[in-house]
Amino acid sequence: MNLGLDEYINLDSPFHRWEARYKLIGLITLIFAFSFVRDLRMLLAMVGVTVAIYVISRLPASFVLRRLRFPSFFLLALVLTLPFLSGQTVVLSIGPLDVHREGLLAVLLIAIRFISILTIALVLFATTPLLTTIKAMRALGLPGIMADMALLALRYIQEIGQDLKKMQTSMRLRGFRKRRLSLYGLRTLAWLGGSILVHSYERSEWVYKAMILRGYGHAPHPRAEFQSCHRDVVTLGIFLLIAAGFITGDILFGHGVSALLQ
Amino acid sequence: MHIPDGILPISVNAGGYAATAAVTWYSIRKIKQKENPREGIPKASLLTAAFFVVSWIHIPVPPTSVHLVLNGLLGALLGYYAFPAILIGLFFQAVMFGHGGLTTLGINAVIMGLPAILAYYIFRLRKLGGKDSPKKDGAFGFLAGAVAIGVSVAIFVGILVTNLPTDFISAEVERAAIYTLAIAHLPLLGIEGTITSLLVVFLRRVRPGILDGV
């Protein structure tokens, strides 16, 4: 249940071959460097680097476009409101509404940073199985309790999701329609959620017994699963330099998008 | 109610991660103080997965629909496991659906997770005075669900409005934006409270052991 995130996991690209721990450090650092950027020139460089990384990853363009659909509603709300509500300099009047330059520039900054970060995150998680990424996080110091919870939750999301689908189908077959808000509807949906929780709770008791029988708590540290080579370290060095370049560039130019266009 | 990547300045994102790291550390410390901390992990994990799935249930609020957050119920049932559970759930949502983001993971965990811990303490108050009854459990369930989502909305609106990379036309417009965002979320308080209350009563009837915590 990862919405086709592993659809292109078997492609061959430098990002698919990059060892998971180094890739995690390199691309997360780059993502944070992107979130630091406020200068328009650095935004253009950000677009260039993002496009280059995505092309090198060999993931198809349709893949990122498809995934951009999910979170874009929030962005759409900002795009539709900020130019009217934010800023002082009027660039256009539409009836009683004024469009402000500062609001437009803020939307540009938000949209470019958002799309770039989402694209890099997609390269990070679509070129390594999510299971391996979580193990890499554990190897990098994620607390054992968190890693175990994440791995178990990931394992059961799909099954519990299928349970929900079956129960919703049964409800529809029995005539339940959730067209309007009513106490009856809320109670039925609460019972649906409650049944899912009860099933999961009961399943967890069997899972715990099975885990104990398999020696849970005595497994070796997962660091041994990862083996890096010289190329992984060099690639990490390149990405850390790119990230440092973005931060340094933004500090040196020192302009927000608004100041630059004044 | 997830803040996406690209909106907040890095200082706020870093602050969110610092706060999340501190609360996660404290939660894990509390979990490790249990007699057998490993025993709770499968239960907390499967309930995390279940909450993740239950959040896909859409509630009709014409002309649209809202999805459940249930951070209040999660806090009431999981206690200190709730914060790591929410962090994991938000990570999966960011990676699988693109809801929220990686740079904002810390701040989103604060928005959802701290009220969940608050809900845990609110729900525990039901054990004070008098004997147990479904009505009492339901009332505290409503309180836990509504307060948790209310506090989440307050933190979300506060962070969003004060950290947009631009200034509003005037203080009045900023106030109006805050009120509009807050009022738009008001029905969610009632719905989350009611659903949490109904769920608590259902769980009490079907599997009361769940309400004793993980």
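Since the structure is predicted, the reported quantities are computational estimates derived from the model, not experimental observations. Every chain is numbered from 1, with letters handed out A, B, ... down the list of sequences.
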Side chain, backbone, both or neither of A/L122 within contact of chain B (heavy atoms, under 4.5 Å):
neither

Segment of B/L87 engaging chain A (4.5 angstrom heavy-atom cut-off):
side chain

The interface call for A/S182 against chain B, heavy-atom contacts under 4.5 Å, is neither

Chain B contact via A/F125 - side chain, backbone, both or neither, heavy atoms under 4.5 Å:
side chain

Could you tell me which portion of A/I134 (side chain, backbone, both or neither) has an atom closer than 4.5 angstrom to a non-hydrogen atom of chain B?
side chain

Show the nearest heavy-atom pair for residues A/F114 and B/P4, with the distance to one decimal.
CE1-CB, 3.7 Å

Please flag which part of A/M137 lies under 4.5 Å from any non-hydrogen atom of chain B: side chain, backbone, both or neither.
side chain

Part of A/E159 lying under 4.5 Å from any heavy atom of chain B
neither

CZ on A/R155 to CG on B/L46, rounded to 0.5 Å:
9.0 Å

Shorter than 4.5 Å, heavy atoms on both sides: which option in B/L73, B/V54, B/L203, B/I57 has the most such pairs with chain A?
B/I57

Quick one: are the ring centres of B/F52 and A/Y156 less than 6.0 Å apart?
no

Using a 4.5 angstrom heavy-atom cutoff, name the option from B/L102, B/T48, B/T103, B/V200 with the most pairs to chain A.
B/T103

Between A/M149 and B/A44, which heavy-atom pair has the shortest distance, and what is it?
CE-CB, 3.9 Å

Tightest non-hydrogen contact, residues A/S200 and B/A50, listed as OG-CB, 3.3 Å

With a 4.5 angstrom heavy-atom cut-off, which part of B/L8 approaches chain A: side chain, backbone, both or neither?
backbone

If you compare all heavy atoms of B/L199 against all heavy atoms of A/G193, which two are closest, and at what distance to 0.1 Å?
CD2-C, 3.8 Å

